[in-house]
Amino acid sequence: MPHPLLLVTDSTSFTNRYGPYVAEMLRAEGLHGFKTTELADLAAPLLAEHSVVILTRSQVTEKTRDLFGNYVAAGGQLILLMPESIWEPLTGMAPLPAGMLDGYLKLLVTREVSQGFPAESFQFHGPARYWSGAGAQPLALLYRDAVSPTSYPAIAYHTCGQGRVITFAFDPAESVATTRQGNPRCAGTKWDDTNNNPRPGDLFGAGWIDVAKEYIPQADALQALLARLVERLSPVPLPRLWYLPGMARTLLLLTGDGEGTAPADFRAEISAVERYGGHISFYDLVEKSQLDPAEVAGWRGRGHGFGLHPWAGPYPTTQLMRQELPRQEALFRQKFGHPTRTYRCHWLQWCGYVEQARLLAQVGIRMDTNFTSSRPSHGQYLTGSGRAMRFVSESGEILPVWQQPTQLEDDIMLRTPGHSSNIVAGQQSAAPVVDDPFLRVPRDGINPHTHNMTAGEAVSFTAHMLTTSMERYYTPITLNVHPPFYTRFSGPWLDGTLAFARQQEIPIWCAEEWLDFTEARDGAQVADVAYADGQLRFSVAGGPSQLTVCLPVEHGGKRLLEVRCGGQQVEFQQMEVQRRAYAFIPAGAAGRFEVLYST
């Protein structure tokens, strides 16, 4: 039996280049099992099999529009992503010959679907069309800037016959992708003259991310809102796969760039992490590594990760990176006897827009942690996200490499010994000159990057991010704590953060653990969804052992009473997520689930 949700894309339309990315968004939100079809293959019987349909940004004929119109009139639920003017009869609004580019939206807090989402304005990227008219109810308004509203809806709701239509005035897929990956028009350019080395931060300059909004994971919030709207429209209580292992509400993801320094630094940091029951991933410069492969194998056997920290020389081109990544990855395999699965470049080198992600896929690297919240960020959500999602090209090609943002770095946050620069106040003073040219502190003695926090301030800052994630955002918080810096000045910050995580029962994982969970969760299958007379049936196959299924406790006036798997009653726990109560059901063993709602 078909899943209640149908995603319709149009590969023949240039405007639909981010259409396939909507499927990535839905799976990231745990809405697995939906069916995807091409617009050209759509027919009335296929529409009738699904209670909710998402149409990605497309160019349609009147005939196709009328096909959807009949579906909605008969009770279908339709979500339109940046529709053309031909959709006026279904949207309940009239299109205007104007719009905006790269603006803001603000949810109307009086609407039930807005509960638990940011009450303040936040950014979207890409074009938006102005619509007017009293036939639809706005759920969110377009804003010209962070504080200046328009009278035009960003998202609107309209009852049409027996069904309902939700209209996005912009394309949320394009917005999520380019918020996370940066402005493609900035690829190959430098916005910051402190360093000519190409970095991911170059893609976020010139106001692409409003630093006043960076405490909000804006891409994650928009994506979660789309999932909430699907849930709200669906007459079937939809099973969703939880973002994180078990019932974790956040995750402390530990990494450390080794920089080819002394083994004692690595040992000291591993010892600290293991005292709190956690794991860490290290990335080391293979040609300068002082580590014993046998000792590294022992660390990996204890659950830690270890990967390549490639260096293509100062100011590398894409061509040079194309040569250096395979060469250094081969050296790494030869020396340490295993491939690199997750990594971070030395100096955060990033060439092009997604060109480097293509190179990573070619050498077998599956997760990138290069996108760090350094300048212009203040150490929060530079990419608008804390979650892992695959890279997507400007043409809509999904690349088999996960982008995992890194929110916090010790050499960005902390006052280094003898150094008191403060990028917020714009004050700088001399930093100590160091012998190792591969360390972040430059030889000229000036470090323009740090936020000049004390260890205590940094622990408080990190604890606040973890707490906010537990309460609102449910994302990993990724740290980069360099082993040579851990032993010199950042140890108190990491130790304090580990103690907080342990106290709050936050899992402490390495990047390889997170990659394994992410890929297994992404591959989990939800099928055979059926709902009648208060009885929901569905099956789950595959997925990680710590996979959890979430179901709304209340749906359509009915309340969840009982869950069975394979005929046996399953205990579940209730937890509120964005002000909506969900039942959390262990699904690591998978199987056929039967859920009873009150009639």
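In what follows, every heavy atom counts, from backbone to side chain, and hydrogens, waters and symmetry copies are set aside.
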Residue pair W242, F517: steps toward the ring-ring contact (aromatic ring centres under 6.0 Å, His included) verdict: CA-CA 11 Å; W242 181 235; F517 178 87; over 10 Å; no

Identify all side-chain donor-acceptor contacts of residues 97-117 below 3.5 Å with residues at least two apart in sequence or on another chain.
from, atom 1, to, atom 2, distance (Å)
D102, OD1, G126, N, 2.7
Y104, OH, D210, OD2, 2.7
R111, NE, P138, O, 3.1
R111, NH2, Q137, OE1, 3.4
R111, NH2, P138, O, 3.4
E112, OE1, R232, NE, 2.9
S114, OG, L108, O, 3.0
Q115, OE1, R579, NH1, 3.1
Q115, NE2, V109, O, 2.8

Cation-pi check, R17 onto F14 ring (under 6.0 Å, within 45° of axis): yes

Would you say the side-chain atoms of [X] and [Y] include a donor-acceptor pair closer than 3.5 Å?
X: R57; Y: T15; result: no
X: T406; Y: R344; result: yes
X: S393; Y: S395; result: yes
X: H158; Y: T91; result: no
X: R390; Y: Q403; result: no

Can you name the side chain to side chain contact (heavy atoms under 4.5 Å, CB included) partners of [X], sequence neighbours left out?
X: Q362; result: L359
X: P20; result: none
X: S151; result: none

Spatial distance of atom CG (D202) from atom CG (N183) [nearest 0.5 Å]: 11.5 Å

CD/E62: more than 12 non-hydrogen atoms of other groups inside 6.0 Å: no

Qualifying salt bridge (Lys or Arg N to Asp or Glu O under 4.0 Å) pairs with a residue from residues 539-561, counting only residues at least two apart or across chains: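 Pairs touching residues 539-561 that pass the test: E554-R559.
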
F68 and W87 aromatic centres sub-6.0 Å: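 So the answer is yes for these two rings.
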
Set of ring-ring contact (aromatic ring centres under 6.0 Å, His included) partners for F572, sequence neighbours left out: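 By the ring-ring contact (aromatic ring centres under 6.0 Å, His included) rule, F572 matches no residue at all.
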
